[in-house]
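The first residue in the sequence is number 1, and the count goes up from there.
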Amino acid sequence: PASCARARTRRGVSCGALTEEEALANATPYLQAFGHTVVAWLWLDVALACKAIARAVSFGELGDMLAFLNHSGGATNVQGEVQKPLDVMSNEIFIRMNEWNGHLAGMASEEMEVPKQIPAAFPRGKYLLVFDPLDGSSNIDVNVSVGSIFSIQRAPQDAIDSGREV
């Protein structure tokens, strides 16, 4: 449509593809209407983690990002798949980008055997983040698409009230 052509020429984006900022701008009024601005901020933190992972994937083995992970990888995840260094790094990015924000009560990932508890040094929130930081990574060497999958869920009220681990 003509509106897509204008958008493409004005912002340099293709039809149907939104940047993280555009998607958050579109979602924020709906989230605010329901009183879920915390979810909007949490979603932004997840989007920033995805962007950092995309940058690391684009550099691949040539980037310095994997230099510190030469010792990592080789273990198996909860699905029984062999972890690659990029899997481990992607998981660390997700954890580091989200553990400090005060919105989460805990996190769980395909790459972790047990859920990640929020360190005592950081404020604790009311939501759980469940994610696969780099889905499709076992096929990355044959140039297949990869991505991150995540779910934001409200933590059980008794866990929030008691402060117990989730």
Side-chain angles (χ1 to χ4, degrees), residues 13 16-28 31 36-156 159-160 165-166:
V13 296
L18 293 176
T19 64
E20 293 92 1
E21 293 83 12
E22 291 170 327
L24 184 61
N26 290 342
T28 299
L31 293 170
H36 296 294
T37 54
V38 169
V39 175
W41 287 110
L42 180 54
W43 192 90
L44 181 61
D45 290 338
V46 169
L48 292 172
C50 291
K51 194 168 185 168
I53 292 168
R55 184 176 188 277
V57 169
S58 71
F59 282 109
E61 296 289 335
L62 299 176
D64 290 334
M65 300 245 182
L66 296 179
F68 75 97
L69 286 173
N70 284 337
H71 64 282
S72 299
T76 56
N77 63 19
V78 294
Q79 303 294 330
E81 303 165 336
V82 175
Q83 289 179 318
K84 295 185 175 187
L86 201 52
D87 291 322
V88 176
M89 186 189 65
S90 298
N91 195 62
E92 279 299 307
I93 289 172
F94 249 91
I95 290 170
R96 300 296 171 241
M97 294 290 279
N98 290 284
E99 70 182 352
W100 60 270
N101 61 24
H103 306 311
L104 295 176
M107 293 180 268
S109 164
E110 179 185 40
E111 307 302 331
M112 300 183 290
E113 289 190 27
V114 296
K116 168 79 173 158
Q117 303 303 317
I118 302 303
F122 301 126
R124 190 170 169 178
K126 299 178 180 182
Y127 295 93
L128 301 174
L129 178 63
V130 182
F131 57 92
D132 182 352
L134 195 60
D135 187 51
S137 62
S138 60
N139 298 322
I140 201 166
D141 53 348
V142 291
N143 203 22
V144 175
S145 296
V146 296
S148 296
I149 301 171
F150 68 95
S151 174
I152 299 170
Q153 303 169 13
R154 188 155 176 86
I160 295 169
E165 293 184 349
V166 239

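By the 4.5 Å heavy-atom criterion applied to side chains, Met89 and Ile53 are not counted as neighbours. Taking 4.5 Å as the limit, every side-chain heavy atom of Phe131 sits out of range of all side-chain heavy atoms of Val46. No side-chain heavy atom of Pro115 sits less than 4.5 Å from a side-chain heavy atom of Val130. Put simply, the side chain of Trp41 does not reach to within 4.5 Å of the side chain of Asn101, judged on heavy atoms. Between Lys116 and Ser109, every side-chain heavy-atom pair lies at or beyond the 4.5 Å cut-off. Looking at heavy atoms from C-beta onward, Lys126 lies out of side-chain contact with Leu104 at the 4.5 angstrom threshold.
Atom NZ of Lys51 sits about 13.5 Å away from atom CD1 of Ile93, to the nearest 0.5 Å. Atoms CG and CE, from Leu42 and Met97 in turn, are 11.5 Å apart once rounded to the nearest 0.5 Å. Here the CG-CZ distance, from Leu48 to Phe94, works out to 10.5 Å after rounding to the nearest 0.5 Å. One distance of note links CE of Met112 with CD1 of Ile95; it measures 4.5 Å at 0.5 Å rounding. How far CG of Asp132 is from OG of Ser90: 9.0 Å, rounded to the nearest 0.5 Å.
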Show me the side-chain donor-acceptor pairs of residues 145-155 shorter than 3.5 Å, one per line, residues at least two apart or across chains.
from, atom 1, to, atom 2, distance (Å)
Ser148, OG, Pro133, O, 2.6
Ser151, OG, Gln153, NE2, 3.1

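Gln117 and Ala105 get closest at one heavy-atom pair: OE1-O, 4.2 Å.
The main-chain N or O of Val88 is never found under 3.5 Å from a side-chain atom of Asn91 such that the two would form a donor-acceptor pair.
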